[in-house]
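Notes follow the structure.
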Amino acid sequence: MNEAGHEDRAGEGSDAGAGAGAEDCGTLAMDDDNPLQSIVTCVRAAGDGDVVSIADIVTALGRASFAPLLLVPGLIIISPLSGIPGLSSIGGFIIALISVQMALQRNHVWLPRWILKREVGRDRLNRALDFMERPVRFADRITRPRLELLVQPPLALIPQFLCVACGAAMPFFELVPFSSSLLATAVTLFATALVTRDGLLALFGYIVLGGGGSALFLFVGNAVEAM
C-alpha cells in the first residue's frame with residue numbers, strides 16, 4: 001500500500017465520522033443472513049476511484065463497526081495481498097489498534113492519519129476479494145449464534161486482547177515464513193466469531209493460536225540457537 005494523494009475522507013487521525021450510527025454498512029451486515037458476504041460487499045464498494053484507501057474502507061463499513069473492521073485486515077493478510085511488502089506490519093498495527101479500542105469499549109474506531117492514507121489499487125483489492133468469496137460463502141453457511149457466552153462480555157475480552165497481541169506481534173514476525181498468516185488466521189476466526197456471535201469459532205481460534213503459536217516460537221527459538 002502507498003500513500004494516498006487525496007484528502008482523508010475518514011478523518012485525520014481523529015474520531016471524524018463519529019456521528020455514524022446504526023446505519024453503518026458494517027453494523028447492518030452483522031444482522032444480515034450472510035454477514036461475511038455483506039462485509040465483503042461493503043469493502044468492494046468502498047471509495048470511488050482506481051485506488052482504495054484505508055479511509056475509504058473505514059468510511060464504507062462505519063467507524064462504529066468494530067468487529068467488521070477487525071475482520072477485514074485479518075482476511076487481507078491471509079489473501080494474495082499479503083505479498084505486498086510491509087502489509088503484514090501495517091495490518092498488524094491496525095488489528096492491534098482496533099482490538100484494544102474494542103476491548104476498552106470505545107464508541108468509534110480511531111486510526112492515525114498515516115494509516116488512513118494508505119491505499120491499494122482497486123483491481124488488486126478486487127482480486128483479493130474474489131479469492132475470499134468462496135471461503136466467505138462457506139463460512140456464512142456453517143456459522144450461527146451458538147456458545148454465545150464466549151463472545152459476550154466479559155469473556156469477549158479474551159479474544160479481543162488476543163487479537164491485540166497477535167496484531168502487535170505481526171511486525172516482529174513478518175520475516176518468519178507463514179507466521180503472519182498464522183496470526184491473521186487466529187484474528188480472522190476471533191473476528192468472525194464476534195461478527196456471527198459464534199463462540200465455537202472462538203474456540204477454534206484458541207486452538208490455532210495455541211498449537212500454531214507453540215510451533216512458531218519453537219521455530220524461532222531453533223533459528224536463534226542456530227545463529
Side-chain angles (χ1 to χ4, degrees), residues 1 24-30 32 34-47 52-62 65-84 86-99 102 109 111 115-116 118-143 151 159-160 162-164 166-167 169-171 173-174 178-198 201-202 204-205 208-209 212:
M1 292 187 180
D24 289 340
C25 183
T27 303
L28 292 173
M30 292 178 67
D32 194 273
N34 299 295
L36 304 181
Q37 293 180 66
S38 295
I39 289 169
V40 169
T41 299
C42 289
V43 175
R44 199 184 289 276
V52 181
S53 68
I54 299 297
D56 292 328
I57 294 173
V58 172
T59 298
L61 288 173
S65 305
F66 281 88
L69 285 170
L70 178 61
L71 177 63
V72 171
L75 285 172
I76 286 176
I77 294 172
I78 58 178
S79 80
L81 281 178
S82 61
I84 299 177
L87 179 70
S88 295
S89 294
I90 294 172
F93 187 62
I94 293 172
I95 287 168
L97 278 178
I98 293 174
S99 302
M102 183 190 303
V109 170
L111 292 173
I115 287 287
L116 292 170
R118 306 298 291 189
E119 65 181 16
V120 66
R122 183 173 297 279
D123 288 344
R124 198 168 191 176
L125 176 62
N126 282 338
R127 286 196 298 271
L129 295 175
D130 291 341
F131 173 84
M132 299 174 194
E133 283 286 350
R134 183 173 295 179
V136 161
R137 286 198 301 269
F138 174 74
D140 270 333
R141 287 199 302 270
I142 65 171
T143 54
V151 288
Q160 289 167 3
L162 285 175
C163 287
V164 175
C166 288
M170 283 182 192
F173 288 105
E174 184 163 4
F178 307 113
S179 59
S180 293
S181 294
L182 172 67
L183 295 171
T185 297
V187 169
T188 299
L189 286 169
F190 290 137
T192 302
L194 295 168
V195 167
T196 61
R197 305 176 185 90
D198 192 340
L201 287 184
F204 286 138
V208 168
L209 199 55

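Counting begins at 1 with the first residue of the sequence. The model shown is predicted, which means the values in this text are computed figures rather than measured ones.
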Can you check whether [X] reaches [Y] side chain to side chain, under 4.5 Å on heavy atoms?
X	Y	answer
I76	M132	yes
V109	V58	no
D198	V151	no
R127	P80	no
V164	I95	no
S38	L28	no
L70	Q160	no
I54	E119	no

How far does [atom1] of [X] sit from [atom2] of [Y], to the nearest 0.5 angstrom?
X	Y	atom1	atom2	result
F131	L75	CZ	CG	10.0 Å
L194	S99	CG	OG	9.0 Å
I39	D32	CD1	CG	9.5 Å
F66	I98	CZ	CD1	8.5 Å
L87	L81	CG	CG	6.5 Å
L69	C42	CG	SG	10.0 Å

In terms of side-chain geometry, is the basic nitrogen of E133 or R44 positioned less than 4.0 Å from the acidic oxygen of its partner? yes
Charged N-O contact under 4.0 Å between D56 and R122: no
Using every non-hydrogen atom in the two residues, find where [X] and [Y] come nearest and quote the distance to one decimal.
X	Y	answer
I78	S181	CG2-O, 3.5 Å
L162	F190	CD1-CZ, 3.8 Å
S88	I77	OG-CG2, 4.0 Å
G74	A184	O-CB, 3.7 Å
P73	G91	CB-O, 4.2 Å
A60	A46	CB-CB, 3.8 Å

Look at the side chain of N34 and the backbone N and O of R137, then say whether any donor-acceptor pair between them is shorter than 3.5 Å. no
Main-chain N/O of A128 paired to S79 side chain as donor or acceptor, under 3.5 Å: no
Start with the C-alpha gap between L129 and V136, add the side-chain angles, then the distance that decides, and say whether side-chain contact (heavy atoms from CB on, under 4.5 Å) holds. CA-CA 10 Å; L129 295 175; V136 161; over 6 Å; no
